[in-house]
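If you read the sequence from its start, that first residue is 1, and numbering goes on from there. Scope of the values below: all heavy atoms of this structure, side chains included, with no hydrogens, waters or symmetry mates. Since the model is a prediction, treat every value here as computed from it, not as a measurement.
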Amino acid sequence: MRKLDFLKPILNFILIGLVITTLSRVFLFFLFNERVVATQDYWRIFPIGLRMDLILLCYLSFLPAILITFLPSTFVKYTNKILVFYSFLFLFLILFVELATPDFVKQYDTRPNKIFLDYLIYPKEVFGMLFKSYLTSIGITFCTIGILLYFAIKKGKTLFHTQTASYKFKLMVFPILAFFLFFGARSSLTSKRPINASNAVFSTDQLTNCLGLNSFYTIAFAAYSIKNEGNTKMYGKMDEAEAISRVKKYMNVVAADFTESKIPLLHKQEADTVLKQPYNLVVFLQESLGAEYVGILGGKPLTPNFDALSKEGLLFSNLYCTGTRSVRGIEAVVTGFLPSPSESVVKLGNSQQGFFTLADALKRKGYSTSFIYGGMANFDNMASFFNGNGFEDIVDQEDFDADGTKYAFKGTWGYSDEDLAVKANNYFKSKEGKPFFSLMFSTSNHDPFEYPAGRIKPFDKKPATVNNAMKYADFAIGKFFSLAKKEAYFKHTIFIVIADHNTRTYGKNLVPINKFHIPAFIMGPGVPKGKVYDKLSSQIDIPPTLLSYLGASFETPMPGRNLNSLNAATKGRAIMQFNDINAFRVENQVVILQPNLKPLQFQIKNDTTLIPVTLNTELAKDALAHVIMAGNLYQHRSYKLRDKK
């Protein structure tokens, strides 16, 4: 057996890697034990986990195997240096992401994925948040890595230096070694496709399923998947004409109102009354304001201002967001676009110019358009997307810094919500004589939950909590409207206050539907006061509904419904996306689409109890059509208005 000592670096690499990933999985199992053990056959996370860990480690072992086999013994000194560097690099990366996993799972209910990669792009905001909210975890991580780095330097030669062996013997062993590494990486000799993350799915609990994976794999897969933005094949295949037909079926638009075959969803939305000067439109997008925190919707008593103001307009009591990130909320509210399979269009290349937005549609009607934000507008690529798609003015943190005003508070994510209210009100006062559209986006209700002292009576004793941040966000909503009501523009403006998404999205179901429930109210001239819209509705229904109040006719490609003209007999519909899982809900039936798996259907007893039922194939096709359509519209660049003449 000593002849095989030259393979020791590969064996040690795989064994140490397995120790790291297995110990991490055991820790996660106990950390989320109450949730995991409620899942039938939860023990399967360990054999599945071993399989997925071996897949990763065997892939990573191919390069060392080639170096050890084919580099002559005369180069063993250099081979060993490469092996030590390569082995420790990947083992430390594996260790680092596993150490980061518990806090990520607590926040997003899944292992690190593309969101983890997204945050790496914005170090200033993210590191500020981490140091204020996760300092203990950061300390443990760096201490652990530091200790292991010390031992790595001491033991590196022992663990990862190959031994000299006959070149002929190494060539003879290589086919056997390659077979085992290939088998380990593919994890099957009978399947036509290599084993992937879909094979880890054995329950309807997303968290339990993801514990069978490892975090280096999920991050690597997320990075690999970036090249497939807009690719819908993983959910199923459908002819484009059929997809268009099925999506149109859910739009409250008659066939004669569709106006352009090359832009398949483009249609007319006629105004009941056309005004000489249409109303202004202000969208006040609230960071992470879930329905569970809104008193008037049966949530915690944290929103007295929202509750009172909603009675002055139209409250949406059964509204669901499309995703779990701010960019997904922006996508839905500003563009009305269907949630795409992998990423919001705010961040994708094909949508940085010539993509439909409310700003573009209103700018063509003579509106001035703006985005007002207390943070840095380059975060999540917002400034680029807005600048290329109809927003004339982008007012962000740098403008707050430069205007000489003494503002209340500046935190990790930028200026406070009350500062945003003051800035926006002053900006709107300057727009007299011309209709305007503006998107205001709040920041305070975001980890690490910073806000100025003395503004609210705390709900929790500890100041920096989500409940207290919610109360402060509500305080700022109240302040904005108290300022606006004193100004001339108020009587000529349609306002909406709406959440981008909820806070931490988690739950035992594949899609935690209760965490997608969000609040919204519309206020302004022509908006019924004290009314509640209680039909199931989607965030993408909001922009066409807003246009119906402005006193102008439009042409738009939005698949969402104008809820003001929706037939009472029409069934409510909501579309939700949770990581790479899509949910298509019609009344109390929901179809779940997962990559490379057959669709599942559930009856919704309530938002947290889903009962498996027999799949309605027509409903499943409708669900798939909306996913297919999102990909096609993006890839063909056909979600737009007619080109300007």
Identify whether the distance between the nearest side-chain nitrogen and carboxylate oxygen of [X] and [Y] falls below 4.0 Å.
{"X": "Glu292", "Y": "Lys515", "answer": "yes"}
{"X": "Arg325", "Y": "Asp380", "answer": "yes"}
{"X": "Glu260", "Y": "Lys268", "answer": "no"}
{"X": "Asp643", "Y": "Lys262", "answer": "no"}
{"X": "Asp541", "Y": "Arg573", "answer": "yes"}
{"X": "Lys508", "Y": "Asp205", "answer": "no"}

Please check if any side-chain donor atom of [X] sits under 3.5 Å from a side-chain acceptor atom of [Y], or the reverse.
{"X": "Arg561", "Y": "Asn252", "result": "no"}
{"X": "Ser215", "Y": "Thr101", "result": "yes"}
{"X": "Asn445", "Y": "Gln286", "result": "no"}
{"X": "Tyr549", "Y": "Asn564", "result": "yes"}
{"X": "Glu287", "Y": "Ser442", "result": "no"}
{"X": "Asp53", "Y": "Asn214", "result": "yes"}
{"X": "Thr556", "Y": "Gln269", "result": "no"}
{"X": "Arg51", "Y": "Ser187", "result": "yes"}

Under 6.0 Å between ring centres: does that hold for [X] and [Y]?
{"X": "Tyr639", "Y": "Phe337", "answer": "yes"}
{"X": "Tyr320", "Y": "Phe516", "answer": "no"}
{"X": "Phe182", "Y": "Phe62", "answer": "no"}
{"X": "Phe46", "Y": "Phe29", "answer": "yes"}

- prompt: When you measure from the centre of the six-membered ring of Phe104, is the NZ or CZ of Arg111 under 6.0 Å away and within 45° of the axis?
  reply: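 Not satisfied by the 6.0 Å and 45° rule.
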Criterion side-chain hydrogen bond (donor to acceptor under 3.5 Å, both in side chains) against Gln577, the qualifying member of Thr322, Asn582, Thr324: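 That would be Asn582.
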task: Can you run down the ring-ring contact (aromatic ring centres under 6.0 Å, His included) pairs that involve residues 557-584, sequence neighbours left out, and say none if there aren't any?
output: Tyr250-Phe584, Phe584-His626
query: Sequence neighbours excluded, which residues qualify as side-chain hydrogen bond (donor to acceptor under 3.5 Å, both in side chains) partners of Gln601?
result: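 Gln589.
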Around atom [atom1] of [X], are there more than 12 heavy atoms of other residues, nucleotides or ligands at under 6.0 Å?
{"X": "Lys249", "atom1": "NZ", "value": "yes"}
{"X": "Asp272", "atom1": "CG", "value": "no"}
{"X": "Lys571", "atom1": "NZ", "value": "no"}
{"X": "Phe554", "atom1": "CZ", "value": "yes"}
{"X": "Glu34", "atom1": "CD", "value": "no"}

